[in-house]
Novice: 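Have a look at the structure that comes next, please.
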Amino acid sequence: MTELALFSLRSEAISKIEICYFFGAIAIAVICSVLGTGLGFVAVIIVFVLAAASAICEQRKADP
């Protein structure tokens, strides 16, 4: 019997990098959606969030 799943349940724990990406994406979305937020501030926040996520990801790859 074939089943069509609209979503799959995770059987593994969520990693720290996935949590970092999730909350980073939420932070970027909220800051970009606020009216009156300057373009420079948005750009700085996006660069900071992406740099932090990249640093955490690289650190996790270096750890055995």
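Heavy-atom basis, side chains included; hydrogens, waters and symmetry copies ignored. Sequential numbering from 1 along the given sequence is applied to the chain's residues.
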Novice: Working to the nearest 0.5 Å, report the span between CZ of Phe41 and CD1 of Ile46.
Specialist: 10.5 Å
Novice: Determine whether Cys32 and Ile45 make a side-chain contact, defined as any pair of heavy atoms from C-beta on separated by less than 4.5 Å.
Specialist: no
Novice: How long is the gap from OG1 on Thr37 to CG on Leu35, to the nearest 0.5 Å?
Specialist: 7.5 Å
Novice: Mind checking the CD1-OH spacing from Ile28 to Tyr21? Nearest 0.5 Å is all I need.
Specialist: 11.0 Å
Novice: Please report the interatomic distance CZ(Phe48) to CD1(Ile31), rounded to the nearest 0.5 Å.
Specialist: 10.5 Å
Novice: Backbone N or O of Leu50 within a donor-acceptor pair of the Ser54 side chain at under 3.5 Å?
Specialist: no
